[in-house]
Amino acid sequence: MATNTAFSLVSLLLSLVLGVIFSCKCNGDSSEAEALLKWKASLLRSEALRSWSLSTVNGSPCNWTGISCNGDKQVTKIDLLDYGLGGNLDHFSFSSFPNLGYLRLSGNELSGKFPPGIDLLTNLTFLEFYNNSFSGFIPPEIGKVKSLVYLSLDRNNFTGPIPPSLGNLSKLSEIYLSINPLSGSIPPQIGNLTSLTILKFYRNNLIGSIPRQIGNLRSLTHIDLNGNFLTGSIPASLGNVTGLVFLYLYNNQLSGSIPEEIGNLRSLTALQASTNNLTGHIPFTLGNLTELTTLHLFQNQIPGPLPPSIGNLRNLTRLVLFDNQLSGSLPEEMANLTSHLPQICQGGTLIKFTARDNHFSGPIPVSLRDCKSIERIWLQNNQLTGNISEGFGVYPSLSVIDLSYNRFYGELSSDWGDCRNLTTLKFAKNNITGRMPPHIGQLTQLSILDLSSNRLQGEIPSEVGKLSMLYNLSLNDNRLSGLVPQELGQLSNLELLDLSVNNLSGPIPEQIEQCTKLRSLKLNRNSLNGSIPFQAGNLVNLGTILDFSQNQLTGEIPTQLGKLSKLEDLNLSHNMLSGSIPQSFKELISLSSIDVSHNDLEGPLPKNKAFQQASVEAFAQNKDLCGDVKGLRHCNSSLVSPGNERKGHKTVVIIVVPLAVALFLICAFVIIFSLLHKKARNEETEVQESHNQDLFSVWNYDGNIVYEDIIEATEGFDEKFCVGEGGCGKVYKANLSSGQVVAVKKLHQVGEQIDERSFQNEIQALTEIRHRNIVKLYGFCSHPRCSFLVYEYMERGSLAGILKNGEGAAELDWIRRVNVVQSVAHALSYMHHDCNPLIVHRDLSCNNILLSMEFDACISDFGTARLLKPDSSNWSTLAGTFGYVAPELAYTMKVTEKCDVYSFGVIALEVIMGKHPGELLSSLSTSEAKGLLLKDIMDQRLPPPTDQEMKEVVLTVALAFACLLS
C-alpha cells in the first residue's frame with residue numbers, strides 16, 4: 001500500500017514537472033512568434049514575409065521564411081538578406097530571442113537608429129546590417145555581446161565615433177564599418193581584438209592617427225582604412241602584423257615616411273598608400289615583400305631614388321608611382337639583382353608601370369625594354385633620355401605607352417608596327433627625328449597617336465589611313481612636309497586632328513568630309529594653298545575649333561561652313577581669302593571666337609553674336625569689311641549713287657517682279673506638295689500599323705545590314721556585352737564589322753510591350769539636338785519584341801562610375817572637373833535656349849553624364865525628356881533620380897527648365913566634392929553650415945588645387961549654389 005502511494009506521488013510530481021517544462025517550451029515558442037509578428041506589423045514593406053503567420057503549419061516560426069530553430073524549436077537564426085524590407089527596428093524585441101546566434105538583415109531598406117537591447121543577445125556570434133539606411137550612433141552596448149565573431153554594419157548612415165567598447169569583443173574575427181559617415185578617431189582599444197583577421201573602416205570621416213595598438217592584431221590579414229582623413233605617420237608597429245596580406249591606406253592625409261618595419265610583412269600582396277602626404281624616402285626593406293603584386297604610392301611627395309631592393313619583387317604586376325618627387329636614374333646595372341625592373345621583368349609579371357610626373361632622368365634600362373609582359377607604361381613628364389630607336393622592341397601585350405615630355409632622341413623604329421595591341425602611342429615633346437615609319441599603319445587598334453612637338457620630317461605616310469579606330473591624331477609642331485594625305489578621309493572615327501605648325505603644302509583634301517566625327521581640326525601654320533573645300537561644311541560635329549590660319553589659302557570662304565552650328569572657335573586669318581564673309585555664318589550659333597584678319601575680304605559682317613562682339617583686330621588687314629564693330633566703318637544702306645537713282649529703280653523692278661512671280665509659284669507648289677505628302681504619309685502609317693511592320697533607321701547606313709550586324713556583335717544581346725543598366729533598358733557595347741564601336745540601349749519590355757513613351761521621347765529629343773556635349777544618336781530599331789537605340793560609344797562610362805572609382809577619380813583632376821561642369825552647362829544652355837521648342841531633360845544625374853577617353857562630357861538618357869511648347873501647360877508626373885530632383889517639382893508637377901537647373905547644381909557640387917552632396921544640402925539651413933569651409937567639402941582624393949585652379953573651383957561652387965537656390 002505504501003509502495004503504491006509512493007509511486008502515485010512520484011508520478012504526480014513527474015507529471016507536474018513535465019507540465020511545467022512543456023508549458024515553458026510552448027510559452028517560449030509563442031513569445032518568439034509574437035515578437036516576430038509584432039515587428040513584421042511595424043514594417044512598411046514586408047511582402048516577402050507572407051509565411052510569417054500563425055496559420056502556417058503548427059503556427060511555429062521555425063517554418064517561416066528566413067527563420068531557423070534548434071531542436072527545442074527556439075529561434076537561433078534570422079537571415080533576411082535582400083528581402084526588400086522597409087521600416088526600422090524600433091519594434092524588434094531582442095529580449096525575446098535569448099538563443100539567437102545569427103542575425104542578418106543586409107540588403108534591405110531598413111532605417112532608423114540602432115535600437116537598444118542588443119546586449120541582451122548574449123549568444124549572438126554573427127551580426128550583419130550591411131547595405132541599409134540605419135543612422136545615429138553605434139551604441140556602446142554592442143561591446144557587451146562578447147560572443148560576437150562577425151560584425152558588419154557597413155554601407156549605412158551611422159554617425160559619431162567608433163565605440164571604444166568594441167575592444168571588449170575578444171572573439172571578434174571580422175569587423176566591417178565601411179562607407180558610413182563615422183567620425184572621430186580609431187579607438188586604441190581596437191588593439192585588444194587579438195582574434196581579428198579582417199578590419200575594414202574605409203570611406204568614413206575618421207580623423208586622427210592610426211593607433212599604434214593596431215600592431216597587437218597579429219592575426220590580421222586585411223586592413224582597409226582608405227578614404228578617410230587620417231593624419232600622422234604610418235605606425236611602425238604594423239610590422240608586427242606579419243600575416244597581413246592586404247594593406248590599404250590610400251586617400252587619407254598621412255605624412256612622414258613608410259616605416260622600415262613594413263619589410264617584415266612578407267605575406268603582403270597589395271600595398272596601397274597613394275594620395276597622402278608622405279614625404280620620406282621609399283625604405284630599402286620594401287624589397288623584402290617578395291609576394292607583393294600591387295604597389296601604389298602615387299600622389300604623394302616622396303623624394304629620392306627608387307631603392308635597388310625593389311628588384312626583388314618578382315611577383316609585382318602593378319607599380320604605380322606617379323605624381324611624386326622621385327628622382328635619379330633607372331640604371332642598367334639594376335639587372336644584377338640590384339634593382340626592381342629587371343627582376344620584375346625576368347619573372348614576366350609586370351603589367352602596369354606608371355611613374356609619370358616625377359624627376360627621373362637617364363635612359364630606360366634594358367630590363368624594361370625586354371619586359372614582354374608589360375601592357376601599360378606611363379613615363380611622361382620626367383627627364384628621361386636615350387635613343388628611342390634602341391629603347392624598345394616588340395611588345396605583344398602592350399596597349400598604352402606614353403613617353404611624352406622627356407628628352408628622347410633618335411628615329412622611330414618600324415618595330416612599333418608589330419605591337420598590334422597598341423591603343424595609345426604618345427611620344428609628344430621630345431627630340432625625335434627622321435620620318436614616320438609606314439609600319440604604323442599596322443596598328444589597327446590604335447585610338448591615340450600623338451607625336452607632336454618633335455622634329456619629324458618627310459611626308460605623313462598614307463598608311464595612317466588604315467588606322468580605322470583612331471580618334472586622336474596629333475602631329476603638330478614638327479617639320480613634316482608634302483601633301484596632307486587623302487587617305488585621312490578613311491578615318492571615320494577621328495575626332496581630333498592637329499597637323500598645325502609643319503611645312504605641309506598643297507590643297508586641303510576634299511576627302512576630309514568623310515571624317516564626320518571630327519570635333520577639332522587644326523591645319524594652321526603650314527603652307528597649304530588652293531581654296532577651302534566646300535566639303536568641310538559637312539563636318540557638322542566640329543565643335544571645339546576649326547583653324548586654317550597662317551597658310552596660303554585663296555578664293556572665297558565657302559558658304560557651306562555656315563552649317564557648322566556647333567563650332568566655337570573659327571580662325572581663317574593670315575591667308576589670301578577674298579570676297580565677302582558668307583551671310584550663312586549667322587547660323588553659327590555656338591561660335592564664341594572669330595579671326596579673319598590679314599586676308600582680302602570685303603563687305604558686311606554676318607549678324608552673328610561672335611562677329612558683333614569681336615575686337616577690331618579680328619578683322620584687321622582686309623580689303624573693305626564693314627559692320628557694327630568699333631573700329632570698322634558702318635555698312636551703307638544703299639550702293640546706288642543719286643545720279644543713277646532712276647536707273648536703279650528700273651533695275652530693281654526688272655529684278656524684283658520676276659522674282660516675286662517665281663516665289664509665288666514656288667510657294668504654291670510647296671503647299672500642294674506638302675498636302676499630298678501628308679496624305680501619303682498618313683496612308684503609309686495606316687498600312688504600317690495594319691501590317692505591324694518593323695521600323696529601323698540608321699542614318700547613313702543600310703538599316704537591315706546594321707540590324708544584323710548589331711545582333712551579331714552582341715550575340716543576341718548576351719550579358720557579357722552589357723556595360724550598364726538604367727531605368728529604361730540595358731546598354732551593350734557593340735563592335736560592328738565596319739570597325740566602329742557603338743553603344744546599343746535595348747529597352748526594357750513592360751509586359752509584352754516596350755516602354756513606348758521613353759522610346760519615342762528619346763528619339764524625338766535626340767533628333768532635335770546637335771551639340772558636342774550631348775550624346776549622338778546614330779539610329780534606332782522599333783519592334784514589339786526588340787527595340788533599341790544606337791549611340792556613340794563613350795569609353796570612360798558614366799561620371800558617377802568615375803567618381804566612385806579611386807583611380808578614375810584621381811585622373812579626373814580639378815581642371816577636368818571644371819571642364820565637365822562647363823560642358824554640361826553648355827549642353828543645357830543649348831537645350832533650354834537654342835532648341836525650339838526647348839527641351840527639358842528631367843532626369844539629369846551623374847549616372848546620365850558620359851565621358852570620352854579625353855574626359856569630354858556628354859549628357860545622355862533622354863527617356864524622360866519633354867519638349868516644352870509655349871502654348872502648353874507642361875504638367876507632368878514626377879520623373880528623375882532621387883537626390884537630383886528639384887523640390888518644387890515634387891508638389892507642383894510642372895515641368896520647366898528650372899528642373900534641370902537644380903539637377904545641374906547638384907551635379908556641379910558632386911563633381912567638386914567627389915560624392916553626392918546630400919548631407920551638405922540638408923545642413924545648409926542649420927547652424928552647422930555657418931563654419932563650413934570650401935576646402936572641407938572638396939574631394940580629398942585630389943591634391944590641393946593651385947591658385948588658378950582654386951579660382952575655377954570657387955566659381956563652379958558659386959554657380960552650383962546659384963542654381964540650387966534659383
Side-chain angles (χ1 to χ4, degrees), residues 428 447-453 460 464-465 467-468 470-478 480 482-553 555 557-575 577 582 584-585 587-588 590-596 599 610 770-773 776 792 852-854 856:
S447 59
I448 301 177
L449 176 59
D450 187 352
L451 304 177
S452 61
S453 300
I460 300 172
V464 171
L467 306 179
S468 59
L470 204 63
Y471 85 92
N472 181 350
L473 176 59
S474 297
L475 304 177
N476 52 288
D477 293 272
N478 279 288
L480 298 170
L483 303 177
V484 177
Q486 297 180 1
E487 289 79 6
L488 291 184
Q490 301 172 19
L491 304 179
S492 58
N493 288 302
L494 196 63
E495 297 186 22
L496 308 173
L497 175 60
D498 192 347
L499 305 180
S500 61
V501 197
N502 279 290
N503 298 318
L504 299 171
S505 58
I508 299 172
E510 298 175 357
Q511 291 80 359
I512 199 72
E513 72 169 331
Q514 299 171 28
C515 301
T516 55
K517 293 184 179 180
L518 267 181
R519 295 186 287 107
S520 175
L521 175 58
K522 299 177 70 174
L523 301 178
N524 53 295
R525 294 182 63 182
N526 280 287
S527 299
L528 300 173
N529 53 41
S531 59
I532 298 174
F534 71 87
Q535 291 88 348
N538 294 327
L539 301 175
V540 294
N541 285 307
L542 273 177
T544 307
I545 188 171
L546 173 61
D547 194 344
F548 290 164
S549 65
Q550 299 189 56
N551 281 289
Q552 301 169 20
L553 300 174
I557 301 173
T559 186
Q560 287 85 351
L561 294 186
K563 295 190 294 184
L564 306 180
S565 59
K566 299 178 183 178
L567 194 63
E568 297 176 0
D569 190 344
L570 175 62
N571 194 340
L572 303 177
S573 65
H574 294 83
N575 280 290
L577 300 171
S584 62
F585 277 23
E587 304 298 330
L588 301 180
S590 297
L591 200 63
S592 59
S593 175
I594 180 71
D595 191 348
V596 293
N599 278 291
R770 286 185 175 87
H771 193 277
R772 62 186 296 261
N773 298 121
K776 301 176 185 69
E792 65 176 321
S852 70
M853 187 63 70
E854 296 296 315
D856 293 323

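Atom CD of Glu487 has more than 12 neighbouring heavy atoms from other residues, nucleotides or ligands inside a 6.0 Å radius.
What you find for Ser452 and Asp450 is that their closest heavy atoms are OG-OD1, 2.7 Å. Closest approach of Phe585 and Gly562 over heavy atoms only: CE1-N, 3.8 Å. Nearest heavy atoms, Leu480 versus Ile460: CD1-CG1, 3.9 Å. Leu504 and Leu483 make their closest contact through CD2-O, 4.4 Å (heavy atoms, listed as atom of the first residue, atom of the second, distance). Among all heavy-atom pairs drawn from Asn575 and Asn599, the shortest one is C-OD1, 3.0 Å.
At distances below 3.5 Å, not a single donor-acceptor pair connects side-chain atoms of Ser590 with backbone N or O atoms of Glu568. A donor-acceptor distance shorter than 3.5 angstrom exists from the side chain of Glu792 to the backbone of Lys776, with no hydrogens or angles considered. A donor-acceptor pair is defined here as one N or O able to donate and one able to accept, closer than 3.5 Å; no such pair exists between the side chain of Asn478 and the backbone of Asn502.
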Please walk me through it: do Leu473 and Leu488 pass side chain to side chain contact (heavy atoms under 4.5 Å, CB included)? CA-CA 10 Å; Leu473 176 59; Leu488 291 184; 3.9 Å; yes
Which is it for Lys563 and Asn538 under the side chain to side chain contact (heavy atoms under 4.5 Å, CB included) test, yes or no, and what are the steps along the way? CA-CA 7 Å; Lys563 295 190 294 184; Asn538 294 327; 2.8 Å; yes
Output, in order, the C-alpha distance, side-chain angles, deciding distance and verdict of side chain to side chain contact (heavy atoms under 4.5 Å, CB included) for Leu577 and Ile532. CA-CA 9 Å; Leu577 300 171; Ile532 298 174; 4.1 Å; yes
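The shortest side-chain heavy-atom distance between Asn551 and Ile508 does not fall under the 4.5 Å cut-off.
For Asp498, the side chain to side chain donor-acceptor pair (under 3.5 Å) partners at least two apart in sequence or on another chain are Ser500.
Pairs engaging residues 519-528 under the side chain to side chain donor-acceptor pair (under 3.5 Å) rule: Glu495-Arg519, Arg519-Asp856 [sequence neighbours left out].
Between the side chains of Ser474 and Asn472, at least one donor N or O sits under 3.5 Å from an acceptor N or O.
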Output a table of donor-acceptor pairs, distance under 3.5 Å, between side-chain atoms of residues 541-549 and any protein atom two or more places apart or on a different chain; print 'none' if there are none.
unit_1	atom_1	unit_2	atom_2	d
Asn541	OD1	Lys566	NZ	2.9
Asn541	ND2	Thr516	O	2.8
Thr544	OG1	Arg772	NH2	3.0
Asp547	OD1	Ser549	N	3.0
Asp547	OD1	Ser549	OG	2.6

